[in-house]
There are 2 protein chains.
Amino acid sequence: MGMYYPSMARASTTSDAFNAVAEPRRREILSFLAFDERPVGDIVAALGLEQPSVSKHLRVLRDVGLVKARRDGRNMLYRTEAAAIRPLHEWTRTFERIWSHQLLRIKERAEKDSRP
Amino acid sequence: MGMYYPSMARASTTSDAFNAVAEPRRREILSFLAFDERPVGDIVAALGLEQPSVSKHLRVLRDVGLVKARRDGRNMLYRTEAAAIRPLHEWTRTFERIWSHQLLRIKERAEKDSRP
DNA sequence: GACACATATTCCCATATGGGTATGTATTAT
DNA sequence: ATAATACATACCCATATGGGAATATGTGTC
């Protein structure tokens, strides 16, 4: 796992959070489960997807640690493991300084151009 | 574009930044081009990929606006458009409050347990 | 135990991907 | 004009994906 094989079309979806989050439905699920734990049925209702599809997305999210599950009677309660999103946040954050710098330059140029 | 078709395996890679960034090689490229503009050849040398593969990754990044290109003689100079990463940053940021809260609860529990 | 309910897995299928090789297309050099 | 350099595209191939339908598994209920 995590190794690259010759003709792998892309790093497996189950291998890292970046891939898991690339799928819009999975982002919806993460948002939906951010504050409370919820049974699968609620997610199915919220997303309007078939139950098997939802279960498969949950499986992916679980494999990369983005959600946690616990059984409650016949239900499985899922919740978002927000801390697992942190690496993505950190990665994007490394560009924050750069974009503010770029914006600054754009602003400077605009001011310069507006002066006759 | 951006629409969902019946049996689409996943939102097209060219449709949004989340997908573009899901590929490790493309993240490397974005980091490599973050501070300076560079010709394709430099990227090829840095990543150790074949030139066509690099060009294809650049194409994807360009289509979603994550890099900009300009011609300079025979070279094409690419640079990261850092601001385009901002939406990802914002999305991950919505979970920041939640994870600090979760960490706090873990800490509280740990302190409670350590008291006899 | 039989049955209902909630999820998870398996299977099939169409489509998206990424890598490589071969081939186009600009643009500069001779 | 011809050749060389630097990229971009087209094409082929193996693999990954996601959706739905059918089926298996797990867990209360009667």
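In the text below, chain A, chain B and the rest are named by the order of the sequence lines, each starting its count at 1.
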Interatomic distance, B:D16 CG vs C:dA16 P [rounded to whole Å]: 15 Å
Can you tell me if the side-chain N/O atoms of A:N75 get under 4.0 Å from OP1 or OP2 in C:dC5? no
Side-chain N,O (B:S53) to OP1/OP2 (C:dG18) below 4.0 Å: no
What are the residues of residues 28-43 of chain A, sorted by number, that bring a heavy atom to within less than 4.0 Å of DNA chain D? none
Side chain to side chain, A:E50 and A:V44, heavy atoms closer than 4.5 Å: no
List in chain and number order the residues that pass side chain to side chain donor-acceptor pair (under 3.5 Å) with A:R97, two or more places apart in sequence or in another chain; answer none if no residue qualifies. none
Any chance you could list the contact pattern along nucleotides 23-30 of chain D? Use B for base contacts, S for sugar-phosphate-only contacts and - for none, protein heavy atoms under 4.0 Å, 5' to 3'. ---SBS--
Nucleotide C:dT7, atom P - distance to CD of A:E50 in whole Å: 15 Å
Return the minimal non-hydrogen interatomic distance between A:V64 and A:A20, and the atom names on each side. CG2-CB, 3.8 Å
To the nearest angstrom, the CG-C1' distance between B:L49 and D:dA8 comes to 16 Å
Just to confirm, is there a sub-4.0 Å distance from OP1 or OP2 of D:dC7 to any side-chain nitrogen or oxygen of B:R59? no
Rounded to whole Å, the CZ-C1' distance (A:R26 to D:dG18) equals 9 Å
In whole angstrom, what separates A:Y78's OH from C:dA6's P? 15 Å
5'-most contact on DNA chain C (nearest-nucleotide basis), B:K56 vs A:A69, goes to A:A69
Nucleotide C:dT15, atom C1' - distance to CG of B:N19 in whole Å: 14 Å
Do the non-hydrogen side-chain atoms of A:L66 and A:I85 ever get within less than 4.5 Å of each other? yes
Paired with A:E37, the salt bridge (charged side-chain N to carboxylate O under 4.0 Å, His left out) test is passed by just one of A:R79, A:K68, A:R70, namely A:R70
Whole-Å distance between C:dG20 P and B:L47 CG? 11 Å
Distance-only side-chain donor-acceptor flag, A:E96 / A:S100, under 3.5 Å: no
Would you say a side-chain N or O of B:H57 is under 4.0 Å from OP1 or OP2 of C:dT17? no
Would A:R38 count as a cation-pi partner of A:Y78, with NZ or CZ less than 6.0 Å from the six-membered ring centre and within 45° of the ring normal? no
Between B:N75 and B:D72, a side-chain donor and acceptor under 3.5 Å: no
Rounded to whole Å, CZ of A:F18 lies from P of C:dT17 at a distance of 18 Å
A:R25 and A:H57: side chain donor to acceptor below 3.5 Å: no
